**Q** 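Dropping the structure in here first, questions after.
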2 protein chains.
Amino acid sequence: MSAKQFTSVWFREPRKAASPGRSREEIVAAAIELLDQEGLDGLSMRKLGAKLGAGATSLYWYVAHKDELLELVYDEVWGEMTMPEPEEVGWRAAATALAYSMRHVMLRHPWSADLLGRLPALGPNAMRVADRMRRMFRLAGFEGMDVDYAGSTLTAYVYGKTLPEIAWNSAMADHEYDADAMRAMVARAAKDYPDMLERMNMDVYDDPRAIQAVAFDFGLVSVLDGLERRLAT
Amino acid sequence: MSAKQFTSVWFREPRKAASPGRSREEIVAAAIELLDQEGLDGLSMRKLGAKLGAGATSLYWYVAHKDELLELVYDEVWGEMTMPEPEEVGWRAAATALAYSMRHVMLRHPWSADLLGRLPALGPNAMRVADRMRRMFRLAGFEGMDVDYAGSTLTAYVYGKTLPEIAWNSAMADHEYDADAMRAMVARAAKDYPDMLERMNMDVYDDPRAIQAVAFDFGLVSVLDGLERRLAT
DNA sequence: ACCTGAACACCGTTCAAGT
DNA sequence: ACCTGAACACCGTTCAAGT
């Protein structure tokens with residue numbers, strides 16, 4: 001119906017670059033600070049304006065709407081992801097390092113989980129990582145579209161695994177954590193499934209963070225093994 | 001700080017079950033209808049009340065807050081996921097079927113992507129799927145915590161892969177899709193990376209849905225191969 | 001060129017009051 | 001037991017007006 005073309009912040013020239021007023025950089029930095037402190041719900045145009053000592057709506061001069069601001073902020077997240085040059089360490093070590101870096105950046109900025117996979121990743125930092133990842137998988141031996149497929153398999157795993165971790169962490173941060181109470185609750189939900197109840201006796205609920213770390217590595221190794229297997233055939 | 005215990009709709013008795021007034025089932029059904037029509041942003045307590053011919057705030061008698069309503073709705077999503085009995089078809093066929101079913105349910109209810117991984121999955125339908133998945137991976141040969149790890153590897157992949165698909169689809173639905181314009185835009189973003197530009201000539205942008213389907217299968221096979229490899233060692 | 005304030009059309013949630 | 005309406009404290013965004 002709507003004839004609007006798809007667009008993105010990255011395709012609009014920023015308003016005059018430098019000059020007197022506020023800059024995009026300043027706004028983005030303040031936004032990230034607010035996000036780290038208060039989460040995604042804590043970022044409102046009004047609060048951000050106030051933080052910058054500006055009127056509630058003055059940000060609309062720099063940014064067409066809130067989503068553009070989020071696109072900007074989102075690319076900063078990509079900027080924090082680090083990864084060795086695949087040519088130097090080999091593809092598998094590079095892939096492992098990238099996966100861990102993605103996970104740590106997400107855990108450090110829990111709000112980023114709500115942006116990942118939802119916003120177009122067309123900023124310069126996202127591009128840099130995407131390029132490195134492509135080179136990594138070509139080095140491994142993938143060709144044509146398989147390079148893309150391998151890349152999205154890896155990122156899908158990392159993302160899909162880390163997001164629930166973040167949700168769990170934040171639910172736990174908002175509440176008093178009590179391993180036994182938790183166990184009792186889950187046991188109640190699982191009461192009809194003897195096979196699930198067996199899990200209750202394990203130490204899953206005593207040190208959830210440690211378990212999460214082991215689980216992440218287990219899956220990562222599996223995914224990389226699976227990709228490696230495709231190269232062999 | 002807050003001493004509140006973690007809780008969930010599933011741990012509060014529903015208000016008197018049957019009886020005259022509205023029922024949870026009725027409310028949940030209306031909520032899903034609204035969600036399918038207007039997406040997550042389209043679901044407000046006021047609109048849902050109106051749809052049920054009730055005052056804006058009468059829903060608060062059935063549900064403590066909006067998140068509880070979402071937990072209820074979320075479990076319906078799990079209820080739509082189908083999966084053969086692993087004992088009958090073998091673990092790998094069952095895992096493949098489950099993965100595809102998850103993907104299809106998510107694509108059918110795009111709003112569910114915002115709930116998956118974010119809300120605790122403690123409802124009866126979620127439990128049923130979780131139990132079947134556990135039995136599936138035990139049948140495969142996993143033991144102890146590895147059963148969990150294998151399960152969360154699979155769901156992480158499906159979820160992490162499908163969510164960006166949904167975001168892409170909805171961005172495209174809101175805009176006029178033009179393969180060449182899209183190509184030009186991405187090319188511009190990738191201008192510094194010759195390796196990425198090479199991709200532009202492929203047919204990625206001509207039939208995105210078909211490519212997504214192939215990509216999903218590629219990754220799924222890889223993940224299952226990787227899990228299978230762990231069993232061998 | 002940059003910023004402001006008022007205004008519009010929304011939210012979720014609480015709560016005293018009604019039947 | 002169930003539902004209502006008014007009220008509170010918020011949202012994103014538009015826009016005419018100011019400097």
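Keep in mind the model is a prediction, meaning the values are calculated, not measured.
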**Q** Fit a plane to each ring of B:His109 and B:Trp111, take the angle between them on a 0 to 90° scale, and name the class: parallel (under 30°), tilted (30 to 60°) or perpendicular (over 60°).
**A**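 Tilted: the ring planes of B:His109 and B:Trp111 meet at 30° to 60°.
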**Q** Please work out which of the three classes, parallel, tilted or perpendicular, describes the rings of B:Tyr100 and B:His104, given edges at 30° and 60°.
**A**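 Rings of B:His104 and B:Tyr100: tilted, as their planes differ by 30° to 60°.
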**Q** Is a side-chain N or O of A:Tyr157 found less than 3.5 angstrom from the main chain of B:Gly160, in a donor-acceptor match?
**A**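 The answer is no, because no donor-acceptor pair under 3.5 Å joins these two groups.
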**Q** Return the value, rounded to whole Å, for the distance between atom CG of B:Leu52 and atom P of D:dT4.
**A**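 The distance from CG of B:Leu52 to P of D:dT4 comes to 11 Å, rounded to the nearest Å.
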**Q** Output yes when at least one side-chain N/O atom of B:Tyr62 is less than 4.0 Å from OP1 or OP2 of D:dC3, else no.
**A**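 Yes, within the criterion.
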**Q** Taking B:Leu34 as the fixed residue, which of B:Leu43, B:Leu40, B:Val73 is the one that meets the side chain to side chain contact (heavy atoms under 4.5 Å, CB included) rule?
**A**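 With B:Leu34 as partner, side chain to side chain contact (heavy atoms under 4.5 Å, CB included) holds for just one option, B:Leu43.
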**Q** In a check of side chain to side chain contact (heavy atoms under 4.5 Å, CB included) between A:Arg103 and each of A:Met81, A:Lys161, A:Glu165, which one passes?
**A**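 The residue from A:Met81, A:Lys161, A:Glu165 that satisfies side chain to side chain contact (heavy atoms under 4.5 Å, CB included) with A:Arg103 turns out to be A:Glu165.
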**Q** Any chance the rings of B:Tyr177 and B:Tyr205 have centres within less than 6.0 Å?
**A**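 When the ring centroids of B:Tyr177 and B:Tyr205 are compared, they turn out to be at least 6.0 Å apart.
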**Q** Does some side-chain heavy atom of A:Leu98 sit less than 4.5 Å from a side-chain heavy atom of A:Thr82?
**A**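 Of all side-chain heavy-atom pairs linking A:Leu98 with A:Thr82, none is under 4.5 Å.
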**Q** When the C1' atoms of D:dA16 and C:dC2 are compared, how many Å lie between them, rounded to an integer?
**A**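 To the nearest whole Å, 15 Å.
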**Q** Considering only atom C1', compute the distance from D:dC15 to C:dC3 and round it to an integer number of Å.
**A** 13 Å
**Q** Heavy atoms under 4.0 Å is the rule here; annotate nucleotides 5-16 of chain C 5' to 3' with B where the base is hit, S where only the sugar-phosphate is, and - elsewhere.
**A** BB----BBBB--
**Q** Rounded to the Å, how far apart are B:Trp61 CH2 and D:dC2 P?
**A**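 Between P of D:dC2 and CH2 of B:Trp61: 4 Å.
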**Q** Within the 4.5 Å heavy-atom criterion, are A:Leu122 and A:Phe11 side-chain neighbours or not?
**A** yes
**Q** Between which residue ranges does DNA chain D form stems of three or more consecutive Watson-Crick or G-U wobble pairs, both distances under 3.5 Å?
**A** C:4-8 with D:12-16, C:12-16 with D:4-8
